[in-house]
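Data block below; observations after.
In this chain, numbering begins with 1 at the start of the sequence shown. Since the structure is predicted, the reported quantities are computational estimates derived from the model, not experimental observations.
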Amino acid sequence: IQRQLQPMQSLPVNGPVILCEGAIVQYSAPEYPGLKYQWSVSPADAGVIHTGQGTPNVEVYWPRSGVYNLVLNVCSNKTTISVSVWSNPKPMLNYPAGVCAGEKAQATVLNNYTDYRWKTESGAEIGQSKTAELGPGNYALVATDSRGCKGTAEFTVQEYPKPNLTITTTDPTGFCNNSRIVTMSALTTDDGDYQYAWFRDGVSINVNQPEFSTSKYGDYSATVTNKYGCTASDGIIRVFEYCIGDGSGVCHNSGHVPCP
């Protein structure tokens, strides 16, 4: 009995041929017992045979974008498929370098994508729009483009310290006929390049000094701003018309109570 052996044909390879960089995907060929399956990627640095070498089923890791070949060699028969690896998006962000303690500021994605996911350092998702209001901390923005490829931008928003402020005076603040000068001091807990603002009855009096003197009645407060733009406020010190009657003067109040 004579048998005519037919030469083995190249085996078909099934698997995705369009994908995103960084993907690990599966490829398969028909299984025939006793055959040795030799897989390779061309060029050699375009991908890695992750698992399954020598079998009809493999996982391939594609670390970078480009157009490459996946090659299966069985019994000197070669099958080659072309694989297109798309680059992942590289989102660009506009975000604050830092924000004041207890406050938030807006971060914005400058590119347009189909999906946005803002995440904290722990992986908790905190937003799904192009902008996010963020306090101090470490964050990641995961963007998905129209091809379904994902890119991540990681960044840190620092916490800027807020100043501590106390306004005080050692002078009496109640007197008659605007006859005294009251000196008030804005005290901070450390030295720094501060900007000061003083207010009388909630209206700025255009004084940028740590001390302020006045004889005018009113409710006084102050705000201090440090080099980061963080502010603190304190008050009120009330400078008021105070009368005791011994007949020697008259205060300008509705009752015209005599003053010393």
Side-chain angles (χ1 to χ4, degrees), residues 93-108 118-122 124 126-127 131-139 154-260:
L93 306 178
N94 182 13
Y95 62 92
V99 296
C100 303
E103 297 182 5
K104 292 184 177 182
Q106 188 178 87
T108 303
W118 300 88
K119 297 184 178 182
T120 64
E121 187 175 22
S122 66
I126 55 174
T131 62
E133 295 293 324
L134 304 177
N138 298 315
Y139 299 95
E154 297 180 344
F155 62 100
T156 297
V157 179
Q158 298 180 15
E159 181 178 75
Y160 293 151
K162 280 190 171 184
N164 292 310
L165 175 66
T166 301
I167 63 170
T168 186
T169 182
T170 59
D171 297 325
T173 58
F175 48 84
C176 189
N177 296 335
N178 299 108
S179 58
R180 285 181 174 271
I181 298 296
V182 178
T183 298
M184 290 168 272
S185 299
L187 305 179
T188 56
T189 55
D190 54 3
D191 294 331
D193 183 16
Y194 295 112
Q195 298 292 316
Y196 298 87
W198 289 89
F199 301 86
R200 181 173 62 244
D201 299 329
V203 179
S204 174
I205 51 180
N206 299 316
V207 174
N208 182 16
Q209 298 293 335
E211 287 190 348
F212 168 65
S213 297
T214 185
S215 63
K216 294 182 178 181
Y217 301 135
D219 290 339
Y220 290 86
S221 61
T223 296
V224 64
T225 304
N226 65 15
K227 64 181 179 180
Y228 302 110
C230 302
T231 63
S233 299
D234 193 42
I236 298 171
I237 292 178
R238 177 163 293 166
V239 178
F240 60 98
E241 191 174 45
Y242 176 70
C243 300
I244 56 175
D246 64 0
S248 60
V250 176
C251 275
H252 300 288
N253 57 28
S254 60
H256 292 287
V257 179
C259 284

Decide yes or no for [X] and [Y]: does some side-chain heavy atom of the first lie under 4.5 Å from some side-chain heavy atom of the second?
X      : Y      : answer
Tyr217 : Glu241 : yes
Tyr194 : Thr188 : yes
Phe155 : Leu93  : yes
Val99  : Gln158 : no
Ile236 : Tyr220 : no
Lys216 : Arg200 : yes
Pro163 : Cys230 : yes
Leu134 : Tyr139 : yes

Check for a donor-acceptor pair, side chain of Asp234 on one end and backbone N or O of Ile167 on the other, with a separation under 3.5 Å. yes
Using modelled atom types only, decide if a donor and an acceptor are shared between the side chain of Thr120 and the backbone of Ala124 within a distance under 3.5 Å. yes
Show the numbers, then the answer: is there a salt bridge (charged side-chain N to carboxylate O under 4.0 Å, His left out) between Asp219 and Arg238? CA-CA 4 Å; Asp219 290 339; Arg238 177 163 293 166; 2.6 Å; yes
My understanding is that only residues two or more places apart in sequence, or in another chain, count here; which of them pass ring-ring contact (aromatic ring centres under 6.0 Å, His included) with Trp198? Phe212
Nearest non-hydrogen partners of [X] and [Y], listed with the distance:
X      : Y      : value
Ser233 : Thr223 : OG-OG1, 2.8 Å
Trp118 : Thr108 : CH2-N, 4.4 Å
Ser215 : Ile181 : CB-CD1, 3.8 Å
Ala186 : Leu165 : CB-CD1, 3.6 Å

On the 0 to 90° scale, with breaks at 30° and 60°, tag the Tyr228-Tyr160 ring pair as parallel, tilted or perpendicular. parallel
Enumerate the residue pairs fulfilling side chain to side chain donor-acceptor pair (under 3.5 Å) with a member in residues 165-175, sequence neighbours excluded, ordered by first and then second residue. none
Does a sphere of radius 6.0 Å around CD in Gln106 hold more than 12 heavy atoms from other residues, nucleotides or ligands, not counting ones at 6.0 Å or beyond? yes
If you count every heavy atom of other residues, nucleotides or ligands that lies below 6.0 Å from Lys119 atom NZ, does the total exceed 12? no
Checking side chain to side chain donor-acceptor pair (under 3.5 Å) for the pair Asn138/Glu154: CA distance, chi angles, key distance, verdict? CA-CA 8 Å; Asn138 298 315; Glu154 297 180 344; over 6 Å; no
Quick one: [atom1] on [X] to [atom2] on [Y], what's the gap to the nearest 0.5 Å?
X      : Y      : atom1 : atom2 : answer
Lys162 : Asn226 : NZ    : CG    : 10.0 Å
Ser213 : Arg180 : OG    : CZ    : 14.0 Å
Glu159 : Glu103 : CD    : CD    : 10.5 Å

